[in-house]
Structure formats: structure tokens, C-alpha cells
Chemist: 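This is the structure I have questions about; it appears just below.
Keep in mind the model is a prediction, meaning the values are calculated, not measured. Here is how names work: the chains are called A, B, and so on, in the same order as the sequence lines, proteins then strands, and each is numbered from 1. Computation of the quantities below employed the complete heavy-atom set of this structure, encompassing side-chain atoms and omitting hydrogens, waters and symmetry-equivalent molecules.
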Number of protein chains: 2
Amino acid sequence: MSNPNTSLSTNAVILAVDGDVPKLRTVDKQGRLALPSGVLEETDRTIQESIRRWVMSQTGLELGYVEQLYTFGDADRVDAQTDSRLLSIAYIALVHVEDALDESWASIYDLFPWEDARSSEALMSRLQIAQQLLRGGGQQQLRAKIAFGEAGTQGDGVRALERYELMYEAGLLAEAGGSKSYGQPMYLDHRRIAATALSRIRGKITYRPVVFELLPERFTLRELQTVVEALSGERLHTQNFRRLVESGGLVAGTGEMVTPPKGGRPAELFSFRSEVLFERPKPGLK
Amino acid sequence: MSNPNTSLSTNAVILAVDGDVPKLRTVDKQGRLALPSGVLEETDRTIQESIRRWVMSQTGLELGYVEQLYTFGDADRVDAQTDSRLLSIAYIALVHVEDALDESWASIYDLFPWEDARSSEALMSRLQIAQQLLRGGGQQQLRAKIAFGEAGTQGDGVRALERYELMYEAGLLAEAGGSKSYGQPMYLDHRRIAATALSRIRGKITYRPVVFELLPERFTLRELQTVVEALSGERLHTQNFRRLVESGGLVAGTGEMVTPPKGGRPAELFSFRSEVLFERPKPGLK
DNA sequence: TATAGTTATACTCAAAGTGAGCATAACTAA
DNA sequence: TTAGTTATGCTCACTTTGAGTATAACTATA
């Protein structure tokens, strides 16, 4: 390393969807919520391989889809113990978990309550924040307009990171030492990393069929829609969603039917049609 | 650094468009074409700031748009001199250069001749490569279908990296030590980094108004189209392009007219309308 | 000075895609 | 049997997109 006062680690944002709740795997770090982290070993042929290795050994999780997220290296990322600048290469990973998830998983929307536009309470929270930022005036106001929309509630899902950064700069987050504090804070800038992951995955599902990594082999269209809604934080028009999925050739019916949990007409079980990758340039949802 | 046998540096893919030729800034490294590189200093508050600093001091270029590209860390990235694993955080940067560019700039399509679908010769090169890969059978054939399209020539511009990787694995590139070799090779995996940048910028221009970073303050719609075509490597329908740009609210007419280089009806000079950022969620081209 | 060549710009039209809603089918629970 | 619930089929207006025709406004040259 050119600079001896810098240390390198890797972090993973491991995502899963538990019913209609998107969650990420956390660990405890000095009493705070943190992302799992590991170290690149000489035996790791690639960084991605390294992530898979240490995630497996630390959590026992076999990762499905894995992609590099971002490398964080701001000067204020310092380890309290060693006092060295922490460089972190963060990855995003998707896992499918059959059983209900335990407490080592945190709900994404506990971290970012304002990002859940599915419920009206969450929307209220967003509106409150937006109005505060829109009052700010100047550059902040302009950026808030982009991030939250003129009305304060129509902000694009993919702008989750921009919203987080605006709130951080405005002192609305515990990490920034502000008085008012929205959402569950995390160790160092780990919540920012999580926000980066949320933005990334929201964008990705629109042009790549990655949602299926979060679903079982066979699923109903309602289950698929619920997962997409959970990640995007938005409600979708069921009929149009179905049209999109079917006309997009993303799924194939299996002929088998299951009855929905709360009763109602039985739904067909579908499976992902991987052939769609050869047929369409950007196969995604929404 | 946790691992003493690893060294860290940063690289920059600095892009500019010279007439209708997209170029990137290069340096000489052990007799080979390489990307400029620098080291993160303790005084650099952020990695991006570091890039701007050393690019300025090495090349005198004031960077416009800068974004993180990817962090490369495969085990086979080893420095011949020190024998240590090289970790590199790569950034992409856009600059506007008034004057013609000198030899320190390489044409993107000298590196990736098959990526230029504007000329029929370049398209022939792509077809030849595609057919070779499509013959491969098995997994390679399937991936080639995605990357190049069934016919071999309609591959999505944004899949430049996938095409590069397929060619690398098939031994069609000098870096992989293959017999046949397409395009100008570079030091280590720098051509792969450049391919990553090409894919990224091609995607980016479709939903963010970054092209304007490559143009002067005022420009004609033809100049704008030429830059977009240069980056995307595709010809566009002029009338529809104009409609897209104008109806998208991306530009504002200045009222001033200029006569095109080869004669013809004078064209109006336009400028970028930055207000579009507040009006549309994804203001871009194509 | 007429005419060909060149580029800019306006407009049309069909096809495809999208947002919203109505209608019906097929189940469960009371 | 009936209300409640979910799945699924279908329509319709509106927008977006791809492709083409037409015309305007210049330059260069016979």
C-alpha cells in the first residue's frame, strides 16, 4: 500500500425480502448496527470471490446475485481504534431465504422510513422531510426539488441516495450529529452504503431480471409483484404489472395452481424464463 | 493495509470528443498504452478530489463531470516490478477541449474497432467477431447471442463490456495472449477498464444529460447529435433526434445562427437547459 | 444567375407502449 | 347462499417511437 495509514476492507449489503419487507443482514459493531465486513485475502482470485468466501464463513449464507456497488474512501472514514483511513469496497448481494428472517436482519425501511411510499404514514414522513428541505432555499432547495419532486412526495425511487445525502447535509440524520433524527442510524457511513444499495437495486430491477434472485423457484404473480413493490417502495397497478411481466416474456406458467393465503381465486405458479435474456435487450420490471 | 502485498492506486478514463471521434487520454507505461494513474494522498478529502488533483498536476486538465467507475482487484493484476497485487479504483471523467487533441489521446475505436457501428467497415469487423463467437457453442454461444444479437450486428451499445469480456475469454485480444488480435491493446487490464467506461457512458447518456459536458457552451443540434453518435457508435435519425431533444426540454435556442462547415442552411445555436433537471426524472438522449 | 449540392427544420402517420379502469372468474368463510 | 377476496381478461384513450415526406436556407459552381 502506498499509504501506510490507510486500511482496506470489503463490505456486503446482503438483501432479502421477507414477505413484503425488504431486509438487509447486519452485524453489531461497537454497539451499533453495521454491515458485515471482511478482508481481501491473497488466495481470493477476485474481489467477488472474496465476498462470497467470507460471507459464507461469517453467516453461512450462499450468495446468489453479487455485484460491486461502490468504493468508499472519504477522509472522515476513520477507525476509532487504529485511527487509520478506512477504504471499503462495498458489494450488493441478493439471497433467497425460505424461512422467516431473524433479528440479524434489519428492515430497509427502518433505516429509511421516508423511502416507503406504500403506506400513507411513511409518505407523511417523506412529505415532512421534503417540506423542511424545500424551505431551505438556494442550492439545497433546488436539489430537494430534484430528489423529492416539486410536491415533495413524487421523488423517483432510484433517487434514494440523493435524498439520503440531502438529509445528511441538512443535519437530519443521527450520523451527522443533527438534533432531529430520522430512521435507524448505523455505524460510520454504513447507512449511506445501504442507501447506495437501495438506489442501485431499484434501478437494476427495471432493466435486469434480478428480482427472481429473491424469489423461490416457483411463485405467483402476486408474490412477484409484492417483492417488486417492497424494493421499489411503490404500489403498482396489478393488471398492468401482469401485462408487463407476461408480454415481456419474463415468466412461464407451470400449470400448477395455489390458493392465496387469505383465500380467493387460486393463482397459477410461474417460473423465471431465462431465455428472455436472449430475446430482449433490457428485460426488467416497472 | 491489512495485506502488505497489495498496493492501491487510482486510474482515470478521461474522455473527450474530437469532431466525431471519441477519445481517451493515455500515458506511456513500460512502452505500452496506459491510463493515467495516481495515488490517494492523506490530504485528499475524497477519492474524487484526489483524481481531480493528480489529473490536473499530471496533465493540466480541469475535469468536468467525474464519477466512480469500478474498483479492479483481480489477483492477476500484478506489477511486474514490485510483484504486488494492484488494486485500482477507476474513475470516468469528461472534459471539453476546444482545440484538436494531440497524440496523447487515443481514439476509443482504435481500442474497440468493433464497437463503431457508424461505418460499414467497422460493422463488418463486428460481424466477423460475432460469427466466430457464435460458432463456439455452449455457454459462449449463448452469451454471444446476448452480447452481439442473434444476427451478430445488433448488439446493444451498452454491452460493450460484455463483448470485450467474451472476446478476452475467447483469446481474441492481445492481452489474453491469443493469436488473432483485434484492436489496440493496452497495459495490464487497462483496455478492460476503458471498455467498462464505454459501457457506462453509453448507458448514462440515455438518462442523464452528461453529453453537454463534452460540448461547448453553445452548439448546434447537429454537433450535439454528432457527439451522441460518436459515443454510442450508432447513427441516429436526425429528425427524431431533434424532436427528442426539443420536446425533452434539454436545450434552449439562443436565436443566433451559424453556417455549417460544409455549407447548407444555417443552424441555430442552442445551449443546455439545466432547469430540465427539475422537470424530468430521467433527462437524457436516445 | 441559374442550378446542383448540402444541411436544417417542419410535419405526418402508423405501430407500439403505457396508465387507468371495468368486468368476470374462482376461490374461502360465515 | 352470500359476502369477501384475489386472479385474470379486456378495453380505451393517450403518449412515445420509428420511419418517412416535404420544404427552407444556405454554398459552390457552371
Chemist: Checking A:Pro266 now: which residues fulfil side chain to side chain contact (heavy atoms under 4.5 Å, CB included) with it, not counting sequence neighbours?
Modeler: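 Checked A:Pro266 against side chain to side chain contact (heavy atoms under 4.5 Å, CB included); matches are A:Met257, A:Thr259.
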Chemist: Could you work out, with salt bridge (Lys or Arg N to Asp or Glu O under 4.0 Å) as the rule, every residue matching A:Lys145, not counting sequence neighbours?
Modeler: none
Chemist: Who pairs with A:Arg222 by side chain to side chain contact (heavy atoms under 4.5 Å, CB included), at least two apart in sequence or on another chain?
Modeler: A:Thr220, A:Gln225, A:Thr226, A:Glu229, A:Thr238
Chemist: Taking salt bridge (Lys or Arg N to Asp or Glu O under 4.0 Å) as the test, write out the residues that go with B:Arg218, two or more places apart.
Modeler: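 Listed in chain order: B:Glu256.
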Chemist: Which whole-number value in Å describes the distance from B:Glu246 CD to D:dT16 P?
Modeler: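 Rounding to the nearest Å, CD of B:Glu246 and P of D:dT16 are 16 Å apart.
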Chemist: Figure out the CZ/P separation between A:Phe241 and D:dG9, and round it to whole Å.
Modeler: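 After rounding, the reported distance stands at 15 Å.
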Chemist: Produce the list of close N/O pairs, under 3.5 Å, pairing protein atoms with atoms of nucleotides 18-20 of chain D; give distances to one decimal.
Modeler:
from, atom 1, to, atom 2, distance (Å)
D:dG18, N7, B:Asn240, ND2, 3.3
D:dG18, N7, B:Arg243, NH2, 2.9
D:dG18, O6, B:Arg243, NH1, 3.0
D:dA19, N7, B:Asn240, OD1, 3.3
D:dA19, N7, B:Asn240, ND2, 2.9
D:dA19, N6, B:Asn240, OD1, 3.3
D:dG20, N7, B:His237, NE2, 3.3

Chemist: Check each residue of residues 274-286 of chain B for a non-hydrogen atom within less than 4.0 Å of any atom in DNA chain C, then write out the ones that pass by number, or none.
Modeler: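 By residue number: none to list.
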Chemist: Could you tell me whether B:Lys204 and B:Glu67 have a side-chain N and a carboxylate O separated by less than 4.0 Å?
Modeler: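 A salt bridge is present here (some side-chain N lies under 4.0 Å from a carboxylate O).
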Chemist: Side-chain atoms of residues 15-24 of chain A: list all donor-acceptor pairs with protein atoms under 3.5 Å, sequence neighbours left out, distances to 0.1 Å.
Modeler:
from, atom 1, to, atom 2, distance (Å)
A:Asp18, OD2, A:Lys23, NZ, 2.8
A:Asp18, OD2, A:Leu101, N, 3.3

Chemist: Roughly how many Å is it from CZ in B:Arg235 to P in C:dT7, rounded to a whole number?
Modeler: 12 Å
Chemist: Which pairs, with at least one residue in residues 246-266 of chain B and sequence neighbours excluded, count as a ring-ring contact (aromatic ring centres under 6.0 Å, His included)?
Modeler: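 ring-ring contact (aromatic ring centres under 6.0 Å, His included) check on residues 246-266 of chain B returns no pairs.
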Chemist: With sequence neighbours excluded, give me every ring-ring contact (aromatic ring centres under 6.0 Å, His included) pair touching residues 249-285 of chain A.
Modeler: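 Residue pairs with at least one partner in residues 249-285 of chain A: A:Phe212-A:Phe272.
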Chemist: Just the rounded figure in Å: distance from C1' of C:dA8 to CD of B:Gln225.
Modeler: 11 Å
Chemist: Nearest whole Å is fine: how far is C:dT9 P from B:Leu244 CG?
Modeler: 16 Å
Chemist: In whole angstrom, what separates B:Glu268's CD from C:dT7's P?
Modeler: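 For the pair B:Glu268 CD and C:dT7 P, the rounded distance is 19 Å.
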Chemist: Can you list every pair that meets salt bridge (Lys or Arg N to Asp or Glu O under 4.0 Å) and has a residue in residues 111-125 of chain B, with sequence neighbours left out?
Modeler: B:Glu115-B:Arg126, B:Glu115-B:Arg163, B:Glu115-B:Arg202, B:Asp116-B:Arg118
Chemist: Tell me whether the count of non-hydrogen atoms from other residues, nucleotides or ligands lying under 6.0 Å of CZ in A:Arg280 goes above 12.
Modeler: no
Chemist: Are there any protein N/O atoms within less than 3.5 Å of an N/O atom in nucleotides 26-30 of chain C, and if so, which ones and at what distance?
Modeler:
from, atom 1, to, atom 2, distance (Å)
C:dA26, N3, A:Arg265, N, 3.3

Chemist: According to salt bridge (Lys or Arg N to Asp or Glu O under 4.0 Å), who are the partners of A:Glu223, at least two apart in sequence or on a separate chain?
Modeler: none
Chemist: Are OP1 or OP2 of C:dA8 and a side-chain N or O of B:Arg242 less than 4.0 angstrom apart?
Modeler: no
